[in-house]
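Only a predicted model underlies this, so the values are computations on that prediction, with no experimental measurement involved.
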Amino acid sequence: MENIFETKEDHSNFKWENLGNIKEGRGTLGDDMPVLVYRLMQFTIYDIMSKTYGRPEADKLLYKAGYLAGSEFVKNTLDLSLDFNVFIAKLTETLAVLKVGILRIESVDPDVKKIVMTVSEDLDCSGLPLTNERVCTYDEGFIAGILHEYTGEHYHVQEIDCWASGDRICRFRCDKE
């Protein structure tokens, strides 16, 4: 039997189909779960990673996990051949339907080299207490993975405003590398 969680350096062992048939497996409970449970999982994993490897390395790992998730998510849920505006509209709709967050594009340069976007009501930090930190490292990677799959280009994504730092929205600057 194949171990679907076996780690390989290139992360190529992840397969979308290994997420399973959620409707079949959760016939009574369904595919929804409270944000509390998502955060409990993510925050405890991050806590252990930061205690084991240090916070900078834990941040790198969380970003990489988000990148892999964003890449696989967009390849398996959206049409990558769509015009940019249509693609963003479909992405916005999909993220809202799945209750990931409410995406809004604030600005895009004409050559799509720089994008500024916001995500409100996001899974990672909306409602957290004020810590004066930006905490959406996983989201940075998730967005970078989506943009890479759609454009074929690498983007550096950095959260510049965060609920936890006192803003009531998360804002991300995405720069083509």
Side-chain angles (χ1 to χ4, degrees), residues 1-20 22 25 31-77 91 95 98-101 103 114-177:
M1 174 178 276
E2 178 187 8
N3 180 349
I4 64 171
F5 299 110
E6 182 178 289
T7 303
K8 296 178 184 173
E9 271 189 50
D10 64 358
H11 302 287
S12 62
N13 57 309
F14 178 84
K15 295 178 185 130
W16 187 259
E17 58 270 11
N18 286 346
L19 296 176
I22 297 168
D31 59 3
D32 287 336
M33 71 170 201
V35 174
L36 171 74
V37 176
Y38 167 84
R39 287 184 183 174
L40 180 64
M41 180 182 67
Q42 187 186 65
F43 292 3
T44 55
I45 289 171
Y46 182 77
D47 183 65
I48 297 301
M49 286 191 315
S50 61
K51 286 177 182 167
T52 303
Y53 303 112
R55 189 165 177 179
E57 188 62 25
D59 285 340
K60 287 180 195 174
L61 293 171
L62 201 57
Y63 186 98
K64 285 181 177 183
Y67 187 96
L68 177 59
S71 176
E72 291 297 321
F73 171 80
V74 77
K75 286 191 297 188
N76 287 281
T77 63
L91 176 61
L95 293 175
L98 294 176
K99 300 179 182 179
V100 174
L103 175 67
K114 186 177 198 171
I115 303 168
V116 177
M117 63 178 67
T118 62
V119 180
S120 59
E121 298 187 37
D122 68 282
L123 289 172
D124 290 351
C125 76
S126 294
L128 288 182
L130 182 63
T131 62
N132 293 316
E133 297 178 274
R134 292 184 304 273
V135 298
C136 299
T137 308
Y138 181 87
D139 294 345
E140 290 172 335
F142 189 79
I143 293 166
I146 288 171
L147 292 174
H148 176 253
E149 290 303 325
Y150 178 72
T151 67
E153 303 286 341
H154 290 281
Y155 280 78
H156 174 72
V157 177
Q158 181 178 13
E159 184 179 35
I160 54 177
D161 295 313
C162 182
W163 181 288
S165 67
D167 298 290
R168 289 303 178 241
I169 198 160
C170 295
R171 181 171 286 107
F172 300 89
R173 184 177 59 236
C174 314
D175 298 305
K176 190 158 83 169
E177 295 179 343

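Note: W16 and F14 have perpendicular aromatic rings, judged against thresholds of 30 and 60 degrees for the angle between ring planes. Relative ring orientation between H154 and Y67 is described as parallel, the plane-to-plane angle staying below 30° on a 0-90° scale split at 30° and 60°.
Between the CG atom of D124 and the CG atom of L62 there is a distance of 7.5 Å, given to the nearest 0.5 Å. Taking CD1 of I169 as the start and CG of D122 as the end, the distance is 9.0 Å to the nearest 0.5 Å. Considering CH2 of W163 and CZ of R168, their distance stands at 4.5 Å, rounded to 0.5 Å. Y150 OH to L91 CG: the interatomic distance, rounded to the nearest 0.5 Å, is 10.5 Å. One finds the CD1 atom of I45 at 12.0 Å from the OG atom of S50 (value rounded to the nearest 0.5 Å).
No side-chain donor-acceptor contact under 3.5 Å links S165 to the backbone of D161. Panel note: side chain S126, backbone E121; a donor-acceptor pair is recorded below 3.5 Å. Of the possible donor and acceptor atoms, none in the side chain of T52 sits under 3.5 Å from a partner among the backbone N and O of M49. Between the side chain of E140 and the backbone N or O of E159, at least one donor-acceptor pair lies under 3.5 Å.
Side-chain atoms of I146 and F142, non-hydrogen and from C-beta on, do get closer than 4.5 Å to each other. Annotation: side chain of Q42 is not in contact with side chain of L123 (no heavy-atom distance under 4.5 Å). Here the side chains of Q158 and F172 are not in contact, with every heavy-atom distance at 4.5 Å or above. Looking at K75 and E72, their side chains come closer than 4.5 Å, going by heavy atoms from C-beta outward. Proximity of E153 to L147: side-chain heavy atoms (C-beta onward) are nowhere separated by under 4.5 Å. Within the 4.5 Å cutoff, no side-chain heavy atoms of D139 are placed close to those of V119. The shortest side-chain heavy-atom distance between F73 and L95 falls under the 4.5 Å cut-off. Within the 4.5 Å cutoff, the side chain of T151 has no heavy atoms near those of the K176 side chain.
When all heavy atoms are compared, the tightest approach of C162 to C136 is SG-SG, 4.0 Å. Summarising the geometry of V135 relative to C125, their closest heavy-atom pair is CG2-CB, 3.6 Å, with the distance given to 0.1 Å. When every heavy atom of Y155 is checked against every heavy atom of I115, the shortest pair comes out as CE2-CD1, 4.5 Å. Between S71 and E149, the closest heavy-atom pair is OG-OE2, 2.6 Å. Residues I143 and C174 share a closest heavy-atom pair of CG2-SG, 3.9 Å.
Environment of OH in Y53: sparse, with no more than 12 heavy atoms of neighbouring residues, nucleotides or ligands closer than 6.0 Å.
Side chain to side chain, Y46 and R55 meet the donor-acceptor criterion of an N or O pair below 3.5 Å.
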